[in-house]
Amino acid sequence: MSVQRYTKGGQVRYRARIKSHGREVATRVFDRKTDAVAWEQDQTRKLRLGEWTDPKRGRVPLSAVAEDWLESRSSAKRRTREADESDWRLHIAPRFGNFPLVSITAAEVSSWVGAQIAAGRRPSSVTRYLATLRSILSYAIADGRMTVNVAAFAKAPSGGQSRREGVHLTEEQLYELADACHGRYAELVLVLGLGGLRWGEMAGLQAGDRVWVPGRGLRLQRAVLASGGTGELFVDTLKNKRARTVPLVDELIPLVDRWAGQKVNGAWLFHAPQGGPLSEGNWKRSVRWSAAIKAIGVPNLRVHDLRHTAASVWLGSGADPKVVQRILGHASAAMTMDLYGHLIDQNLWDAARKIGGTTGARRELEAGNKKPPGEETGL
């Protein structure tokens, strides 16, 4: 046992020493021998199991680990990296940036989560901040600087995982919105509301992305997104990094052909007025979006809600959920049903109304031409 008793300033102290391969790797002083022995035994056990972490490594500030973690995220999508950097810089660093790793506790993380909610931030946003902190600490564990992710013990705020229920228009309202929008770009409302495209997917279309076999459609291969910081447009991969083909309804075929015109394959299909890809913000100003959505009585409608509209239109028409899944680019039909299953509830009652009377038996019974079952046999 490497626990030594000594006296300093008239007070008895106990120093525990941890050695590995003949070299002292850690030491700590305690007021009580039992505490020193317990710590020494715990450290020795961790050394034997390969779980030991050099305490000196745990003394580095969280900011040093976060810097390394952010650099390790280079392969993530740009929007994800920007969100990570924003979460760290604006919400995590002000509280924990200068904290040594070993001094961060689960209680402090829980207190920080509560303070974020008290400051009026949305539960979904605070849940994301907490997830970012957990990822940074997980990186520290993988790097051997920590053994326990204390942020994993902090409870995410209630409602943090819930989705904002998307607003969807009826097909009639969709055409009303297209009419209420201003200028030549107004018809793109129909591309979004009937095609189920995300804005970035539509903006990323090029003239060469049109397909004719097995039917008219659009091949989605890229997205044009705006930086969360500067608003600068950049080309990125699709959300799930998988290309897909969406069919064009008959009404969209001449619209797409008109925009394609004589463009070369690499030209933007829906180009900005001065050329280049189209920005969502500039498009909304051009078509006078705010005034248009107020005119149709849906003042909180987002551009992304046109995608929800497409889902409702397709499902309401009786399209199989598997078909809608492929149109929307979801990973599975189960995900599509999870998001939009409530939109086909009306189909259940439509089907129920079709049951009964299909053989004419009810009509005969009501007309008195047939006795109810059992009467003919006297039962």
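All figures in this text were calculated on a predicted structure; none of them were measured in a lab.
- If you chain together hydrophobic residues whose side chains sit under 4.5 Å apart, V249 and L220 fall into the same group.
- For the pair H271 and L278, the minimum side-chain heavy-atom distance is 4.5 Å or more.
- Contact annotation: the side chain of W39 approaches that of Q43 to within less than 4.5 Å [non-hydrogen atoms, C-beta and beyond].
- Annotation: side chain of L133 is in contact with side chain of L62 (closest heavy-atom distance under 4.5 Å).
- Between E232 and R78 there is a salt bridge, since at least one side-chain N of the basic residue sits less than 4.0 Å from a carboxylate O of the acidic one.
- Side-chain atoms of W259 never come within 3.5 Å of backbone atoms of P254 as a donor-acceptor pair (strictly under, hydrogens ignored).
- Under the 4.5 Å side-chain heavy-atom criterion for Ile, Leu, Val, Met, Phe, Trp and Tyr, W268 and V256 are members of distinct hydrophobic clusters.
- Environment of NZ in K263: crowded, with over 12 heavy atoms of neighbouring residues, nucleotides or ligands closer than 6.0 Å.
- Within a 6.0 Å sphere centred on CD of E172, other residues, nucleotides and ligands contribute 12 heavy atoms or fewer.
- Note on I141: it clusters hydrophobically with L70, by side-chain heavy-atom contacts below 4.5 Å among ILVMFWY residues.
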With side-chain hydrogen bond (donor to acceptor under 3.5 Å, both in side chains) as the test, would you mind laying out the steps for Q11 and T7 before giving the verdict? CA-CA 5 Å; Q11 182 178 1; T7 303; over 6 Å; no

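- Taking a cutoff of 4.0 Å between a charged side-chain nitrogen and a carboxylate oxygen, D209 and R222 qualify as a salt bridge.
- In this structure, the side chains of L218 and V211 stay at 4.5 Å or more apart for every pair of heavy atoms.
- Note that CD of E187 is 11.5 Å distant from CG of L192, once rounded to the nearest 0.5 Å.
- E108 and T105 are linked by a side-chain donor-acceptor pair at a separation below 3.5 angstrom, with hydrogens and angles left out of the test.
- Salt bridge K77/D236: present, at least one basic N to carboxylate O contact under 4.0 Å.
- The closest side-chain heavy-atom distance from V235 to V224 is below 4.5 Å.
- The environment of R288 atom CZ is sparse: at most 12 non-hydrogen atoms of other residues, nucleotides or ligands sit within 6.0 angstrom.
- F153 and L101 fall into different hydrophobic clusters, where Ile, Leu, Val, Met, Phe, Trp and Tyr side chains are chained together by heavy-atom contacts under 4.5 Å.
- When side chains are defined from C-beta on, R28 does not count as touching R15, because their heavy atoms never get closer than 4.5 Å.
- A 6.0 Å sphere centred on CG of D68 holds more than 12 heavy atoms belonging to other residues, nucleotides or ligands.
- In this structure, R81 does not pair ionically with D84, as no charged nitrogen and carboxylate oxygen lie closer than 4.0 Å.
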Determine whether S63 and W88 satisfy the following criterion, side-chain contact (heavy atoms from CB on, under 4.5 Å), listing intermediate values before the conclusion. CA-CA 9 Å; S63 58; W88 162 252; 3.9 Å; yes

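- Cation-pi geometry between R32 and Y14 is not met at under 6.0 angstrom from the ring centre and within 45 degrees of the axis.
- With hydrogens and angles ignored, the 3.5 Å screen pairs a side-chain donor or acceptor of S110 with a backbone N or O of A106.
- Two residues are said to be in side-chain contact when any heavy atoms from C-beta on lie closer than 4.5 Å; S72 and Y139 meet this criterion.
- Other residues, nucleotides and ligands place more than 12 heavy atoms under 6.0 Å from the CZ atom of F234.
- Put simply, the side chain of V189 does not reach to within 4.5 Å of the side chain of Y175, judged on heavy atoms.
- Residues S86 and E82 have side chains that never bring a donor and an acceptor to within less than 3.5 angstrom of each other.
- Annotation: cation-pi geometry not satisfied between R302 and W289 (NZ/CZ under 6.0 angstrom from ring centroid, within 45° of ring axis).
- In this structure, D305 contributes its side chain and H168 its backbone to no donor-acceptor pair below 3.5 Å.
- Remark: R244 engages E201 in a salt bridge, criterion side-chain N to carboxylate O under 4.0 Å.
- Within a 6.0 Å radius of CZ in R210, other residues, nucleotides and ligands contribute more than 12 heavy atoms.
- In the hydrophobic clustering of this structure, W283 groups with L174; members are Ile, Leu, Val, Met, Phe, Trp, Tyr whose side-chain heavy atoms approach within less than 4.5 Å, directly or through other members.
- Between the R216 side chain and the D250 main chain, no donor and acceptor come within less than 3.5 Å of each other.
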